[in-house]
Amino acid sequence: MIAPVGSGGALALGGRPGPVCMVGAGYVGLVTAVCLADSDIEVRLLDVDRDRLDMLREGRTPIHEPLLDELLISVLRRGTLLLCDDAAEAMRGAQVAMIAVGTPPLADGRADLSFVRAALTSTVADAGPGTVMVIKSTVPPGTTASMRRLCRRNGRQIPLAVCPEFLSEGSAVKDFRHPPQVVIGGDDRSACERVAQLFAHLDAPVFITDSTSAELIKYGTNAFLAMKISFINEMAQLCEHTGADVGMVASGIGADTRIGRAFLGAGLGFGGSCFPKDVRALDMAASYHGQSFGLLRAEVEVNSQARSRFVAKIQKALRGTLAGRRIAVLGLAFKPGTDDMRQAASVDVIRHLEDLGANVVATDPVAVPNAARMLPSTTLVGDPYECVVAADAVVIVTEWPEYRSLDWHRVAQLVRRHIVIDGRNCLDGDDLVQAGFTYISVGRPTRHPISKSAGRWKRQAADLVGQPPARSMRIA
Ligand code: UDX
Ligand code: UDX
């Protein structure tokens with residue numbers, strides 16, 4: 001166990017409220033708690049999962065998040081982060097209590113609020129006169145207003161605000177320190193301002209508004225970013241029909257500052273613990289009010305098509321049959337920089353390939369343990385070079401930088417067929433074709449091997465994909 005050095009940690013600095021009680025040591029709660037503690041506010045982190053708390057007490061994080069491990073050890077040593085499994089202890093003297101428990105989707109797509117309700121009820125009982133309760137979890141519009149009644153004690157209304165997070169996995173610590181904005185919603189202005197003080201050391205615009213608008217800022221942000229991804233994936237399909245290059249198209253469109261290049265990366269679409277569930281939950285919230293939010297349904301539909309179209313691309317590259325073919329899948333996590341497999345494209349793609357009779361061997365730098373629970377019948381290996389041995393096709397599903405810098409000449413010696421299908425448009429086509437590969441990506445023209453010694457392969461590959469041998473392709 002890591003014990004604090006020096007006494008008592010920091011209470012309140014320069015008017016910044018503290019101590020803070022954080023409920024939920026998941027991606028959001030843990031990162032937020034550690035970063036607040038790192039800014040010299042005393043934080044008590046409460047979680048029902050005792051194994052998770054024990055792990056944290058040993059200075060180990062249950063999630064793969066850059067910078068978090070060393071920061072955790074530092075705040076435990078400084079005594080600004082305390083790990084609690086008793087709500088009364090965690091709430092003693094707390095000026096702010098933040099609820100960051102999961103809001104997983106229900107079968108119909110609505111957000112399951114039972115954990116938020118339980119966490120709120122179990123902590124508000126120990127709230128002191130000056131405590132502000134804050135919902136940090138992502139909750140549908142109207143939730144905070146409807147839960148205010150849970151925060152009445154002995155006839156006294158304890159302020160309840162909402163403060164949505166905008167942390168991306170894989171860069172959560174950096175995102176906390178440099179947020180695009182801080183959003184706080186509530187009907188008690190001074191309570192919201194006190195919560196805003198927690199982030200006063202960060203250089204970010206602070207929006208204080210009513211709680212429902214704040215909830216919709218969060219959902220709207222995620223839904224809009226997801227829409228950009230679905231839009232560019234639809235454009236990618238049109239690029240394939242017309243011979244255009246979606247990478248260039250996205251850069252051209254994104255150069256318009258009214259649009260921006262961010263989140264115009266074509267490929268296998270969005271996954272993760274947030275976009276898929278938040279888009280559906282927002283759609284359900286709209287239907288609850290009798291509104292058919294067509295855009296949201298379209299972006300979900302486009303997202304699932306991106307995955308099935310990718311499998312069709314692999315089938316076409318291997319002459320339409322996958323039975324008995326060995327497919328090497330590079331990348332399992334829903335995106336690089338995390339071990340999170342929630343709604344990862346790899347699961348859909350691999351299950352689809354296996355349903356079509358393929359033998360899949362897959363790898364990932366960090367997500368193999370989590371993937372093993374979701375893909376029990378898939379061969380999972382740690383080393384990408386081991387993964388590609390005797391492969392009929394190498395498929396990129398997560399754009400880890402490790403794969404971009406693979407020795408593709410070495411890979412060329414290990415595979416059975418020289419075909420790479422890149423679902424994230426992250427590889428350098430020149431490297432691939434010089435190593436003798438046919439390089440197929442999303443929304444971009446297929447590249448064919450150019451080296452003389454690859455001539456033989458060139459004919460072989462062209463035969464394989466049923467096209468006449470192509471003149472060497474010059475990419476704009
Ligand atoms: C968070 C938000 O809660 C969610 O709304 C948002 O969409 C994404 O980020 P996340 O941090 O990913 O979710 O949740 P998760 O990783 O599932 O962690 C939740 C933690 O809360 C777990 O450690 C769980 O043990 C804990 N928990 C859950 C409690 O301590 N008490 C509860 O009652 C329920
Ligand atoms: C997202 C939001 O970015 C964050 O602000 C919010 O708090 C939580 O949800 P995260 O889920 O960690 O964060 O991942 P993000 O980097 O946004 O990517 C989401 C998905 O979109 C990933 O599957 C990623 O591969 C995909 N994506 C992202 C694309 O397909 N193309 C892009 O251009 C960007």
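In this text the structure is predicted, and so the values were computed from the model without any measurement. Note that ligands are numbered from 1 as they come in the structure, with each ligand's atoms numbered from 1 the same way.
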Would you say [X] and ligand 2 have an N/O pair spaced under 3.5 Å apart?
X      : value
Phe334 : yes
Leu225 : no
Ser273 : no
Phe166 : yes

Nearest neighbour in protein (non-hydrogen) for [atom]:
atom                    : answer
atom 3 (O) of ligand 2  : Ser168 OG, 2.9 Å
atom 9 (O) of ligand 2  : Cys274 CB, 3.3 Å
atom 4 (C) of ligand 2  : Leu167 O, 3.4 Å
atom 10 (P) of ligand 1 : Tyr27 N, 4.0 Å
atom 29 (C) of ligand 2 : Ile229 CD1, 3.6 Å
atom 1 (C) of ligand 1  : Val28 CG2, 3.5 Å
atom 12 (O) of ligand 2 : Glu169 N, 2.6 Å
atom 14 (O) of ligand 2 : Lys335 NZ, 3.1 Å
atom 31 (N) of ligand 2 : Gly265 O, 3.0 Å
atom 34 (C) of ligand 2 : Phe263 CD2, 3.5 Å
atom 33 (O) of ligand 1 : Phe115 O, 4.0 Å

Please work out whether the ring planes of [X] and [Y] are parallel, tilted or perpendicular, with thresholds of 30° and 60°.
X      : Y      : answer
Trp408 : Phe437 : perpendicular
Phe263 : Phe275 : tilted
His201 : Phe176 : tilted

Under 4.0 angstrom from ligand 1, any heavy atom of Lys136?
-> no
If we number the atoms of ligand 2 from 1 as shown, the ones under 4.0 Å from a heavy atom of Glu165 are 7 (O)
Could you tell me which atoms of ligand 2, counted from 1 in the order shown, lie closer than 4.0 angstrom to a heavy atom of Leu264?
-> 33 (O)
Take every heavy atom of Gly267, measure it against each atom of ligand 2, and state whether any distance is under 4.0 Å.
-> no
May I ask whether Lys218 places a heavy atom under 4.0 Å from ligand 2?
-> yes
Part of Arg342 within contact of ligand 1 (heavy atoms, under 4.0 Å) | side chain
Applying a 4.0 Å heavy-atom criterion (strictly less than), which segment of Ala118 is in contact with ligand 1: side chain, backbone, both, or neither?
-> neither
Judging by distance only, is a nitrogen or oxygen of Asp278 under 3.5 angstrom from one on ligand 1?
-> no
Polar proximity ligand 1 side, Val101 side, N/O cut 3.5 Å exclusive | yes
Does a side chain donor of either Thr138 or Glu215 reach within less than 3.5 Å of an acceptor in the other side chain?
-> no
Check: Glu354/Thr378 side-chain N/O donor and acceptor closer than 3.5 Å | yes
Asp187 with Arg148: basic N within carboxylate O range, under 4.0 Å = yes
